[in-house]
Amino acid sequence: MKARILLTAFVTLALSLAAGAKTKLYVFLDTEDYTSERANDAIVTMANVLAEEGISAHFDIVGYLAERLIRSDRRDVLEALKPHSVGLQTYRHSFHPNLTELGDLADYDEAYRRIMQEERMAKGMVEAFTGRDGVDSSVQPGSGSSYVGMYVYRDLGITVSGGIMALYSDDPRGMYWYCGQLQVPYYQKFSLEHFMKERTADEEDEKPCLDELAKRDAAILYMHPNKLIFPVYWDALNYDGGNLVKWGEWKVGAERPKAEQEKYLADLRAFLRRVKADGRFEFADIRDLIRAVKPRVAIRRADLPAIRK
């Protein structure tokens, strides 16, 4: 049987990670709010702040948001994203039917077809807005995930799967292969929203989280740019449990006071500088991780003894 494996890629990746003792930290920003132009201002601010701190972050953009950014001619967003990598976070995120619902069929082929139809369009929108050939990762929304979607993203040429819905593992590498993608889960005990006034109750303090992260080879720290301006999630207002509003007639939450936004950015900068000064860590670019992955190769009968060993 002709099988495909990632043995060469995995060995190469493991060796590259083991060569340095520092934990590689990737910064991911779930860039998803297509209900407000003000949320787009937050993309610019966060992209510029991270670039000023010397961090090449990763912006996972919802396909429909990219479409709106094209229509509204937000060249300032495009310019701010230039130092950073970009990924895909489905076509319409929490809008129903979401990714889980699209793939919730007994017929795998039909589920694959439905998801591919939307996600190929989403990828095309992100590419059209950014002017880039391809995207660097896929992120499935916390409100909806699909294993069928992982195979769709694999077949769209997307190597890395990140996010809350990337399957979690206690593997100290902090990443592993599943459904043809390199799964790199978000670290959920501590996010870059930690310094916001409405910090979630399940988040742990900074020091023990950093001590735990220092034991891993790699980890993702994440945030949502729109949270800089809006304390309440956009999809909680519009799509929590169903399509609560007519498409295009979205509810927009109250904005965070300007002083609170400025305090968050100051606290975030201070945290990033503390981590950069901590010899256990280095901020990394997800594109370097992708470049370390070698092409898949076919298993030969002669390879089996080495694989078993």
Side-chain angles (χ1 to χ4, degrees), residues 25-93 122-123 125-132 135-137 139 141 162-163 191-198 220-235 237-238 250 252-273 276 283 285-287:
L25 295 178
Y26 303 97
V27 174
F28 273 48
L29 294 97
D30 288 358
T31 311
E32 58 194 41
D33 185 354
Y34 49 75
T35 64
S36 165
E37 279 296 331
R38 286 287 289 133
N40 296 332
D41 297 336
I43 301 172
V44 175
T45 299
M46 292 307 308
N48 289 338
V49 165
L50 289 163
E52 289 164 7
E53 295 300 324
I55 295 172
S56 294
H58 184 71
F59 288 75
D60 282 290
I61 304 172
V62 166
Y64 184 72
L65 171 59
E67 187 176 335
R68 290 203 71 188
L69 288 167
I70 292 171
R71 284 203 225 121
S72 57
D73 197 24
R74 288 300 300 257
R75 300 186 188 188
D76 57 334
V77 176
L78 183 60
E79 185 66 26
L81 290 175
K82 282 184 176 178
H84 308 289
S85 59
V86 296
L88 172 65
Q89 195 179 179
T90 74
Y91 181 54
R92 290 192 286 189
H93 199 274
K123 179 173 177 281
M125 287 299 175
V126 173
E127 291 173 335
F129 173 64
T130 61
R132 304 185 191 188
V135 298
D136 299 309
S137 86
V139 169
S191 76
L192 295 180
E193 294 169 16
H194 179 86
F195 308 103
M196 292 178 175
K197 188 176 180 181
E198 67 282 0
I220 290 176
L221 296 177
Y222 72 99
M223 74 159 294
H224 300 75
N226 61 303
K227 287 281 285 180
L228 172 65
I229 294 178
F230 298 108
V232 178
Y233 283 108
W234 65 280
D235 49 348
L237 291 174
N238 293 283
W250 297 296
V252 178
E255 293 192 17
R256 192 186 300 278
K258 186 67 175 177
E260 200 174 301
Q261 295 179 38
E262 291 172 352
K263 182 179 186 307
Y264 168 73
L265 292 174
D267 290 344
L268 176 64
R269 285 183 186 271
F271 169 75
L272 296 174
R273 292 171 186 177
K276 287 174 76 173
F283 285 105
D285 189 325
I286 197 71
R287 290 169 289 194

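By convention here, the first residue in the shown sequence is residue 1.
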Inset, instruction - Begin with the C-alpha distance, continue with both residues' side-chain angles, and end with the deciding distance and a verdict on side-chain contact (heavy atoms from CB on, under 4.5 Å) for Asp33 and Leu65. - result: CA-CA 7 Å; Asp33 185 354; Leu65 171 59; 6.0 Å; no

Legend entry - Gap between atom CD of Glu193 and atom OH of Tyr264 - 0.5 Å precision: 6.5 Å

Legend entry - Ile55 side chain reached by Val49 side chain, heavy atoms, under 4.5 Å: no

Inset, instruction - Indicate yes or no for a side-chain donor-acceptor contact from Glu53 to the backbone of Arg273 under 3.5 Å, with no hydrogens or angles considered. - result: no

Legend entry - Listed partners of Phe230 passing ring pair (Phe, Tyr, Trp, His ring centres under 6.0 Å), at least two apart: none

Legend entry - OG-CG distance between Ser191 and Leu221, expressed to the nearest 0.5 angstrom: 8.5 Å

Legend entry - Those residues that, when tested against Pro257, pass side-chain contact (heavy atoms from CB on, under 4.5 Å) (two or more places apart): Glu260

Legend entry - Lys258: salt bridge (charged side-chain N to carboxylate O under 4.0 Å, His left out) partners, not counting sequence neighbours: none

Legend entry - Audit row: Trp250, Asp235, side-chain contact (heavy atoms from CB on, under 4.5 Å) steps and yes/no: CA-CA 10 Å; Trp250 297 296; Asp235 49 348; over 6 Å; no

Inset, instruction - Check whether any side-chain heavy atom of Val62 sits under 4.5 Å from a side-chain heavy atom of Arg92, and report yes or no. - result: no

Legend entry - For Ile70, all residues meeting side-chain contact (heavy atoms from CB on, under 4.5 Å), sequence neighbours excluded: Ala128, Phe129

Inset, instruction - Applying ring pair (Phe, Tyr, Trp, His ring centres under 6.0 Å), name anything that partners Tyr64, two or more places apart in sequence or on another chain. - result: Tyr34, Trp247

Inset, instruction - Might you work through the salt bridge (Lys or Arg N to Asp or Glu O under 4.0 Å) test for Lys123 and Glu127, ending with a clear yes or no? - result: CA-CA 6 Å; Lys123 179 173 177 281; Glu127 291 173 335; 2.8 Å; yes

Legend entry - Interatomic distance, Leu25 atom CG to Phe283 atom CZ [nearest 0.5 angstrom]: 5.5 Å

Inset, instruction - Identify the two heavy atoms, one from Ile61 and one from Val126, that lie closest to each other, and give their separation to 0.1 Å. - result: O-CG2, 3.6 Å

Inset, instruction - Could you tell me which residues satisfy salt bridge (charged side-chain N to carboxylate O under 4.0 Å, His left out) with Glu67, sequence neighbours excluded, listed by chain and number? - result: Arg71

Legend entry - Minimum heavy-atom distance between Ala254 and Pro231, given as atom pair plus value: O-CD, 3.4 Å

Inset, instruction - Drop me the distance from Ile220's CD1 to Ser137's OG, to the nearest 0.5 angstrom. - result: 7.5 Å

Inset, instruction - Could you pull out all residues at least two apart from Phe28 that satisfy ring pair (Phe, Tyr, Trp, His ring centres under 6.0 Å)? - result: His58, Tyr186

Legend entry - Verdict with supporting geometry, Val44 and Asn40, side-chain contact (heavy atoms from CB on, under 4.5 Å): CA-CA 7 Å; Val44 175; Asn40 296 332; over 6 Å; no

Inset, instruction - Using side-chain contact (heavy atoms from CB on, under 4.5 Å) as the criterion, list what pairs up with Ala51, not counting sequence neighbours. - result: Pro83, His84

Legend entry - Separation of Asn226 CG from Asp30 CG (nearest 0.5 Å): 9.0 Å

Legend entry - Partner set under side-chain hydrogen bond (donor to acceptor under 3.5 Å, both in side chains) for Lys276, not counting sequence neighbours: none

Inset, instruction - Nearest 0.5 Å please: distance from the CD1 atom of Ile43 over to the CD atom of Glu32. - result: 10.0 Å

Inset, instruction - Kindly indicate whether the side chain of Tyr222, heavy atoms from C-beta on, has any atom under 4.5 Å from the side chain of Leu192. - result: no

Legend entry - Asp60 and Thr31: side chain donor to acceptor below 3.5 Å: no

Legend entry - By salt bridge (charged side-chain N to carboxylate O under 4.0 Å, His left out) - contacts of Arg287 (at least two apart): Asp285

Inset, instruction - Please report the C-alpha distance between Met196 and Arg256 in whole Å, then the side-chain angles of each, then the deciding distance to 0.1 Å, and finally whether the side-chain contact (heavy atoms from CB on, under 4.5 Å) criterion is met. - result: CA-CA 10 Å; Met196 292 178 175; Arg256 192 186 300 278; 3.7 Å; yes

Legend entry - Geometric class of the His224/Tyr233 ring pair [parallel <30°, tilted 30-60°, perpendicular >60°]: perpendicular

Inset, instruction - Could I get the full list of side-chain contact (heavy atoms from CB on, under 4.5 Å) partners for Ala122, not counting sequence neighbours? - result: Leu88, Tyr91, Glu119

Legend entry - All salt bridge (charged side-chain N to carboxylate O under 4.0 Å, His left out) counterparts of Arg74, not counting sequence neighbours: Glu37, Asp41, Asp76

Inset, instruction - Take Asp267 and Arg269 through the salt bridge (Lys or Arg N to Asp or Glu O under 4.0 Å) test and state the conclusion after the steps. - result: CA-CA 6 Å; Asp267 290 344; Arg269 285 183 186 271; over 6 Å; no

Legend entry - Heavy-atom pair with the smallest gap, counting every atom of Ala57 and Leu50: CB-CD1, 3.7 Å

Legend entry - Asp73 (side chain) donor-acceptor with Leu69 (main chain) under 3.5 angstrom: no

Inset, instruction - Taking all non-hydrogen atoms of both residues into account, name the closest pair between Arg38 and Ile229 and its distance. - result: O-CD1, 3.1 Å

